[in-house]
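Worksheet: one structure, shown below.
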Amino acid sequence: MADDSGLEVDALHGRPGVYSARYAGESAGDADNNAKLLGELAGVPAAERTARYRCVLVLVRHESDPVPLLATGVWEGTIAFEPAGNQGFGYDPLFIPEGFSQRAAELPIDLKNRLSHRAKAAAGLIRLMQAHW
């Protein structure tokens with residue numbers, strides 16, 4: 001099994017995307033990545049700060065598997081103007097999930113784990129496994 005997740009920001013044409021973890025450089029941390037994101041979004045109004053987390057999970061059942069199982073999960077939201085919260089990591093202090101006023105880093109972990117892109121991808125993969133096994 002393999003997975004990858006990233007943040008896609010519409011005003012940045014989908015960046016940082018697959019480069020989310022190393023957006024500000026190979027040795028950059030979360031705070032560096034968040035600062036770079038905010039810098040690139042400087043002057044972008046709230047209505048244009050739409051974004052999403054995307055997770056892709058792939059399961060190869062055996063080494064010659066002709067059709068690996070592929071599941072995706074998406075969590076829609078917007079990017080805040082400043083970070084807040086300490087529940088989570090990465091861009092969670094900036095990501096405001098659709099339907100919420102708090103950032104992902106301000107949500108209880110159990111709620112975040114039910115709503116997130118990873119939770120949606122995992123649920124999709126489980127459904128695929130049940131259908132194919």
Side-chain angles (χ1 to χ4, degrees):
M1 181 173 359
D3 78 291
D4 198 7
S5 294
L7 178 71
E8 302 170 348
V9 180
D10 294 322
L12 301 178
H13 308 288
R15 287 191 332 264
V18 297
Y19 301 103
S20 293
R22 55 193 178 282
Y23 194 45
E26 288 295 325
S27 60
D30 292 346
D32 302 313
N33 289 331
N34 283 317
K36 179 174 180 170
L37 180 63
L38 287 175
E40 290 196 347
L41 289 174
V44 176
E48 296 174 25
R49 295 169 81 95
T50 54
R52 72 210 41 80
Y53 276 124
R54 183 179 307 274
C55 176
V56 178
L57 294 174
V58 178
L59 178 65
V60 177
R61 293 167 282 188
H62 50 80
E63 66 184 50
S64 59
D65 190 352
V67 185
L69 301 180
L70 175 73
T72 62
V74 175
W75 197 16
E76 296 287 343
T78 58
I79 302 300
F81 289 90
E82 69 279 328
N86 58 10
Q87 301 285 341
F89 59 93
Y91 299 95
D92 289 356
L94 293 175
F95 184 76
I96 303 170
E98 196 171 76
F100 290 85
S101 58
Q102 310 97 315
R103 289 144 183 86
E106 297 175 295
L107 297 177
I109 293 293
D110 62 326
L111 176 60
K112 181 182 160 195
N113 287 342
R114 287 194 315 268
L115 301 174
S116 78
H117 54 304
R118 286 187 181 95
K120 292 174 183 178
L125 187 60
I126 289 168
R127 283 191 301 276
L128 287 170
M129 291 169 63
Q130 290 169 336
H132 287 87
W133 286 342

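Heavy atoms only: backbone and side chains are in, while hydrogens, waters and symmetry mates are out.
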Mutual orientation of the aromatic rings belonging to Y91 and Y23 [parallel < 30°, tilted 30-60°, perpendicular > 60°]: perpendicular

Can V67 and H132 be said to form a side-chain contact (heavy atoms from CB on, under 4.5 Å), step by step? CA-CA 11 Å; V67 185; H132 287 87; 6.0 Å; no

For R49 and V44, indicate whether the former's side chain and the latter's backbone hold a donor-acceptor pair under 3.5 Å. yes

Report the distance from atom CD of E98 to atom CG of L115, rounding to the nearest 0.5 Å. 11.5 Å

Taking C-beta and beyond as the side chain, do V9 and P16 meet within less than 4.5 Å on heavy atoms? yes

Of all heavy-atom pairs linking K36 and A24, the shortest is CD-CA, 3.9 Å

Nearest heavy-atom approach of A84 to A105 is O-CB, 3.5 Å

To the nearest 0.5 Å, what is the distance between OG on S5 and CG on L57? 7.0 Å

How far apart are the C-alpha atoms of L7 and L94, what are their side-chain angles, what is the distance that settles it, and do they pass the side-chain contact (heavy atoms from CB on, under 4.5 Å) test? CA-CA 11 Å; L7 178 71; L94 293 175; over 6 Å; no

Are E82 and R103 close enough that some pair of their side-chain heavy atoms sits under 4.5 Å apart? yes

Sequence neighbours excluded, the answer for side-chain contact (heavy atoms from CB on, under 4.5 Å) partners of P66 is H62

Are the side chains of P97 and L107 in touch, meaning some heavy atoms are under 4.5 Å apart? yes

Closest approach of L38 and A80, non-hydrogen atoms and distance? CD2-O, 3.4 Å

In this structure, are over 12 heavy atoms from other groups packed under 6.0 Å from F81 atom CZ? yes

Working for side-chain contact (heavy atoms from CB on, under 4.5 Å), residues D92 and Y53: CA-CA 10 Å; D92 289 356; Y53 276 124; 2.7 Å; yes

To the nearest 0.5 Å, tell me how far E40 CD sits from I79 CD1. 12.0 Å

I need the minimum non-hydrogen distance between R22 and N33, along with the two atoms involved. C-OD1, 4.0 Å

Compare every heavy atom of V74 with every heavy atom of R54, then report the nearest pair and how far apart it is. NH1-CG2, 3.3 Å

Determine the minimum heavy-atom distance between A71 and L128, stating which atoms define it. CB-CD1, 4.2 Å

To the nearest 0.5 Å, what is the distance between CD (E8) and OG1 (T50)? 11.0 Å

Using 0.5 Å steps for rounding, measure from the CG atom of D3 to the OG1 atom of T72. 13.0 Å

Nearest 0.5 Å please: distance from the CG atom of L41 over to the CG atom of L12. 4.5 Å

Between E48 and D10, is a side-chain contact (heavy atoms from CB on, under 4.5 Å) present by the stated rule, with each step listed? CA-CA 8 Å; E48 296 174 25; D10 294 322; over 6 Å; no

Does K112 qualify as a cation-pi partner of F89, given the criterion of NZ or CZ under 6.0 Å from the six-membered ring centre and within 45 degrees of its axis? yes

Lys/Arg-Asp/Glu bridge criterion (N-O < 4.0 Å) met for D110, R114: yes

I want to check something: taking the side chain as every heavy atom from C-beta on, are D4 and V56 in contact at a cut-off of under 4.5 Å? no

